[in-house]
Trainee: 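Next up is a structure, given as structure tokens.
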Amino acid sequence: MARTILDENSLAPFLAAFYEAVRRDPLIGPVFAAAIPDADWPQHMATIEAFWSSVLFKTGRYKGNPFGKHQALGVLQPEHFARWLALFRDTAAARFHPEDAVALQARAERIGDSLRAGLFFRPERAVEPPLVGGGDAPTGTT
């Protein structure tokens, strides 16, 4: 397949190819199948196209809350994001000129980082560093 330039015209075919791979994937395909019935895929793809058009080309076509949609699933794990990003990277690399593929992947990584932070970061689980010279901790002096 000839590589193309990333623009509004190439966006929909890229997303169609990518989500075809997603739906076949043994790890994340079942997550999508449970969340989006077959009959709803055309509307989902229209929403995804509007999202990426807004992100990449600042068209303002997307009006929604991607974080809320992902949070509502309640089943996502970090490995789902890693697999999504790997498929995204592979599809972008196969379809676009290298500089466009890298820019697209960088944007996807930033969006993924933001979603992961919101879904999985829990400050209450963070381990605090040990106190130095405070409380009953030994200080090494006599």
Trainee: Is there a chain of hydrophobic side chains (I, L, V, M, F, W, Y, each step under 4.5 Å between heavy atoms) that links Val102 to Leu87?
Mentor: no
Trainee: Grab the two heavy atoms, one from Pro42 and one from Ala39, that are nearest each other, plus how far apart they are.
Mentor: CD-O, 3.5 Å
Trainee: Can you tell me how far OG1 of Thr4 sits from CZ of Arg95, rounded to the nearest 0.5 angstrom?
Mentor: 9.0 Å
Trainee: Could you tell me whether Asp113 and Arg110 make a salt bridge, using a distance below 4.0 angstrom between a side-chain N and a carboxylate O?
Mentor: no
Trainee: Restricting to non-hydrogen atoms, name the atom on Ala92 and the atom on Ala101 that form the minimum distance, rounded to 0.1 Å.
Mentor: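 That would be O-CB, 3.6 Å.
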Trainee: Just by distance, no angles: are the side chains of Arg61 and Ser53 close enough, under 3.5 Å, to form a donor-acceptor pair?
Mentor: yes
Trainee: Please enumerate all residues that pass ring pair (Phe, Tyr, Trp, His ring centres under 6.0 Å) together with Phe14, with sequence neighbours excluded.
Mentor: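 Ring pair (Phe, Tyr, Trp, His ring centres under 6.0 Å) list for Phe14, sorted by chain: Phe88, Phe96.
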Trainee: Under a 4.5 Å side-chain heavy-atom rule over Ile, Leu, Val, Met, Phe, Trp and Tyr, are Leu15 and Ile5 clustered together?
Mentor: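 Cluster IDs for Leu15 and Ile5 differ.
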Trainee: Checking the side chain of His80 only, and the main-chain atoms of Gln77 only, is there a donor and an acceptor separated by less than 3.5 Å?
Mentor: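 Pair found, side chain donor or acceptor close to backbone of Gln77.
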Trainee: Keeping Glu49 on the side-chain end and Ala12 on the backbone end, is there a donor-acceptor pair under 3.5 Å?
Mentor: no
Trainee: Just verifying a value: how many Å separate Phe81 CZ and Ile28 CD1, rounded to the nearest 0.5 Å?
Mentor: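 Phe81 CZ to Ile28 CD1: 10.0 Å, rounded to 0.5 Å.
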Trainee: Could you please spell out the steps behind the side-chain contact (heavy atoms from CB on, under 4.5 Å) verdict for Leu115 and Gln71?
Mentor: CA-CA 9 Å; Leu115 286 171; Gln71 186 179 39; over 6 Å; no
Trainee: With sequence neighbours left out, what residues match Arg23 under side chain to side chain contact (heavy atoms under 4.5 Å, CB included)?
Mentor: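 Counting only residues at least two positions away or on another chain, Arg23 forms a side chain to side chain contact (heavy atoms under 4.5 Å, CB included) with Asp38, Trp41.
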Trainee: Taking the six-membered ring for Trp, are the ring centroids of Trp84 and Phe32 within less than 6.0 Å of each other?
Mentor: no
Trainee: Distance check, rounded to the nearest 0.5 Å: Lys63 atom NZ versus Thr47 atom OG1?
Mentor: 13.0 Å
Trainee: Would you name the heavy atoms of Leu76 and Phe120 that are closest together and state the gap between them?
Mentor: O-CE2, 3.2 Å
Trainee: How close do Gly68 and Asn65 get, counting heavy atoms only, and between which atoms?
Mentor: N-OD1, 2.9 Å
Trainee: Kindly write out the residues that satisfy side chain to side chain contact (heavy atoms under 4.5 Å, CB included) with Val55, not counting sequence neighbours, or none if the list is empty.
Mentor: Phe51, Trp52, Arg107, Ile111
Trainee: Working to the nearest 0.5 angstrom, can you tell me the gap between Asp40 CG and Met45 CE?
Mentor: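 With rounding to 0.5 Å, CG (Asp40) is 13.5 Å from CE (Met45).
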Trainee: Carefully, step by step, assess Glu79 and Arg83 under the rule salt bridge (Lys or Arg N to Asp or Glu O under 4.0 Å).
Mentor: CA-CA 6 Å; Glu79 57 268 19; Arg83 184 64 185 145; over 6 Å; no
Trainee: Got a second to check how far His44's NE2 is from Lys69's NZ, nearest 0.5 Å?
Mentor: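 Rounded to the nearest 0.5 Å, the NE2-NZ separation comes out at 10.0 Å.
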